[in-house]
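The next block holds one structure in the form of structure tokens; read it before the comments.
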Amino acid sequence: MENEFVLFWVKRCAQLQSVQLMRGNATTALPQLRQSLLSWYDQNRRDLPWRKTRDAYRVWVSEIMLQQTRVAAVLPRYENFLERFSSVEKLAKAREASVLAEWSGLGYYRRARNLHAAARVVARAGAFPQNAEAWRELPGIGRYTAAAVSSIASNEPVAVLDGNVERVLLRLHGKLGTSAQRWRAAQKLLDHTRPGDFNQSMMELGAMVCVPGQPICSQCPIQRFCQTRGRGISISRKPRQQKREIAYCLAQSNGSVRLVRRPKSATLMPSMWELPHCAKTSDSDTVLFSIRHSITNTDYTVRVIQRGSPLRTPGLWVKAARAEQLPLTGLARKILCKAGIIL
DNA sequence: AACACGGGGCG
DNA sequence: CGCCCAGTGTT
């Protein structure tokens with residue numbers, strides 16, 4: 001009886017706090033929300049390699065890699081990259097082709113080019129930018145990444161807004177305003193004592209609990225403050241994937257493979273290496289294997305062809321060991337791996 | 001505000 | 001095989 005009475009008041013207070021939060025005059029609910037989220041994060045956060053450090057360079061590299069890219073895809077590549085380019089000075093001194101080769105398969109290669117160019121700026125300056133506004137001036141660093149790096153590495157109280165945070169905000173408040181309003185909402189929520197952890201806790205919540213599709217509200221630490229609590233709030237869909245077919249030639253000889261370099265002027269993956277295209281096939285050609293490769297909104301079915309007649313293919317003969325060090329496109333790497341030519 | 005830019009995982 | 005994920009820079 002007494003327990004029920006207490007429970008009633010706990011719920012009642014939660015309701016009142018939620019209302020206050022929604023109306024924006026909420027000075028009591030906000031600290032509790034922050035505390036709940038941070039406690040949850042402390043106990044449930046995934047043990048990711050970039051969370052073991054607050055080193056600006058390492059945080060920076062992780063944020064660039066994680067742009068538009070899943071954690072699972074970054075995981076096997078992050079440590080390798082940092083081993084190869086162990087400091088911002090080392091990265092600055094490297095050739096762009098080496099950086100691209102290490103990035104091969106991660107996609108959005110402009111990220112790697114910008115990271116490299118920015119490393120040269122930082123190395124020349126002799127110091128990392130000291131706040132988000134300064135980070136923002138480097139190529140490849142937009143508003144999100146500047147806030148992420150600065151809050152995590154330097155505890156600057158500046159909020160991040162990415163797809164995860166937007167989804168959390170949408171469900172928490174039941175609506176999403178304009179872009180400017182979203183940034184303000186995120187900033188208003190931010191915990192100023194632990195800004196880096198708070199930012200990560202918002203993104204972690206979006207990734208693990210407040211997921212796209214059906215959120216797992218039973219596990220949500222801020223359910224009490226949430227306006228929607230799992231009621232059908234979702235983000236609009238993307239356009240369908242187009243299907244296309246394409247063929248490449250796989251020509252081998254004496255431990256070498258035929259490769260072509262994309263034009264420097266190409267819009268897509270300039271200067272990177274791939275297999276020669278196979279425009280048309282003859283009866284003597286063999287389909288070694290087919291693989292799927294999906295890029296943005298195009299879903300490719302790729303046939304890998306071995307020429308029956310010794311047709312002249314463009315490109316250069318490249319030793320297998322050498323090919324591995326080239327900036328290969330993800331697809332080229334995938335084909336060479338599947339053919340057993342590289343690892 | 002719209003578009004271009006890669007690639008992988010899941011069922 | 002269909003479906004899902006989400007920052008930066010340019011126009």
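Below, chains carry the letters A, B, ... as their sequence lines are ordered, and counting in each starts from 1.
Evaluation of the side chain to side chain donor-acceptor pair (under 3.5 Å) rule for A:Gln35 yields A:Ser39 as partners, not counting sequence neighbours. Legend: residues meeting side chain to side chain donor-acceptor pair (under 3.5 Å) with A:Asn155, ordered by chain and number and at least two apart, are absent. In this view, A:Arg51 and A:Glu204 satisfy the salt bridge (Lys or Arg N to Asp or Glu O under 4.0 Å) rule, not counting sequence neighbours.
Across all strands shown, A:Thr69 has heavy atoms under 4.0 Å from base atoms, whether or not it also approaches the sugar-phosphate.
One side chain, A:Thr193 or A:Asp191, offers a donor N or O that lies under 3.5 Å from an acceptor on the other.
Across the P atoms, B:dC5 and C:dC5 are found 23 Å apart, a figure rounded to whole Å. Taking atom C1' on both C:dT10 and B:dG7, the two are 22 Å apart, rounded to the nearest angstrom. Comparing the C1' positions of B:dG6 and C:dC4 gives a spacing of 15 Å, expressed to the nearest Å.
The shortest distance between the side-chain N/O atoms of A:Lys243 and the OP1/OP2 oxygens of C:dC1 is not below 4.0 Å. For the pair A:His293 and B:dG6, the criterion of a side-chain N or O lying under 4.0 Å from OP1 or OP2 is not met.
Residues from residues 141-155 of chain A lying near DNA chain C, meaning a heavy-atom separation below 4.0 Å, are A:Ile141, A:Gly142, A:Arg143, A:Tyr144, A:Thr145 in numerical order. Residues from residues 129-140 of chain A with heavy atoms under 4.0 angstrom of DNA chain C, sorted by number: A:Pro139, A:Gly140. Listed by residue number, the members of residues 45-58 of chain A with any heavy atom below 4.0 angstrom from DNA chain B form an empty set. For residues 107-115 of chain A, proximity to DNA chain B is found at A:Gly107, A:Tyr108, A:Tyr109, defined as any non-hydrogen atom under 4.0 angstrom from a strand atom.
Ion pairing between a basic and an acidic side chain is recognised when a charged N comes within 4.0 Å of a carboxylate O; A:Arg194 and A:Asp42 show such pairing. Ion pairing between A:Asp285 and A:Arg307 holds under the 4.0 Å rule for side-chain N and carboxylate O. A:Arg292 has a carboxylate O that lies under 4.0 Å from a charged side-chain N of A:Asp299, or vice versa, which qualifies the two as a salt bridge.
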Practice problem: Determine, step by step, whether A:Ser104 and A:Arg333 satisfy the side-chain hydrogen bond (donor to acceptor under 3.5 Å, both in side chains) criterion, reporting the C-alpha distance in whole Å, the side-chain angles of both residues, the deciding distance to 0.1 Å, and the verdict. | Solution: CA-CA 8 Å; A:Ser104 169; A:Arg333 183 169 294 276; 2.7 Å; yes
Self-check item: Chi angles and distances behind the side-chain hydrogen bond (donor to acceptor under 3.5 Å, both in side chains) call for A:Arg167, A:Asn164
Solution: CA-CA 5 Å; A:Arg167 191 171 52 253; A:Asn164 284 319; 2.6 Å; yes
Exercise. Go through the steps to decide whether A:Thr145 and A:Gln67 satisfy the test side-chain hydrogen bond (donor to acceptor under 3.5 Å, both in side chains), and finish with yes or no.
Key: CA-CA 9 Å; A:Thr145 307; A:Gln67 286 172 7; 2.9 Å; yes
Every protein N/O within reach of nucleotides 9-11 of chain B N/O, cut-off under 3.5 Å:
none

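Between the NZ atom of A:Lys334 and the C1' atom of B:dG8 there is a distance of 8 Å, rounded to whole Å. Put simply, CD on A:Glu166 is 14 Å from C1' on C:dC5, counting in whole angstrom units. A:Ile291 has its CD1 atom 10 Å from the P atom of B:dG8, to the nearest Å. Summarising the geometry, the separation between CZ on A:Arg182 and P on C:dG7 is reported as 12 Å, rounded to the nearest angstrom. Between A:Trp103 atom CH2 and B:dC5 atom P there is a gap of 18 Å when expressed in whole angstrom units. Here B:dG7 presents its P atom at 15 Å from CD of A:Gln67, a figure rounded to the nearest Å. If you measure from atom CG of A:Asp299 to atom P of B:dG7, you get 14 Å, rounded to the nearest angstrom. Distance A:Met65 CE to C:dT8 P: 16 Å, rounded to the nearest Å.
A:Tyr57 and A:Trp60 have perpendicular rings, their planes meeting at more than 60° on a 0 to 90° scale where under 30° would count as parallel.
Hydrophobic clustering keeps A:Val71 apart from A:Met208 (ILVMFWY residues linked when any side-chain heavy atoms are closer than 4.5 Å, directly or through intermediates).
Listed by first and then second residue, the ring pair (Phe, Tyr, Trp, His ring centres under 6.0 Å) pairs that reach into residues 34-53 of chain A are A:Trp50-A:Tyr78, sequence neighbours excluded. Annotation: salt bridge (charged side-chain N to carboxylate O under 4.0 Å, His left out) contacts involving residues 67-94 of chain A, sequence neighbours excluded, comprise A:Arg84-A:Glu102.
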If you look only at distance, which donor and acceptor atoms sit under 3.5 Å apart when one is on a side chain in residues 247-257 of chain A and the other is two or more places apart or in another chain?
none

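Comparing A:Leu331 and A:Ser179 by the nucleotide of DNA chain B whose heavy atom lies nearest to each, the residue mapping closer to the 5' end is A:Ser179.
When hydrophobic residues (I, L, V, M, F, W, Y) are linked wherever their side-chain heavy atoms come within less than 4.5 Å, the members clustered with A:Val287 are A:Ile305.
Side-chain N/O atoms of A:Gln68 and base N/O atoms of C:dG7 include a donor-acceptor pair closer than 3.5 Å.
Aromatic rings from A:Trp103 and A:Phe81 are positioned such that their centres are separated by under 6.0 Å.
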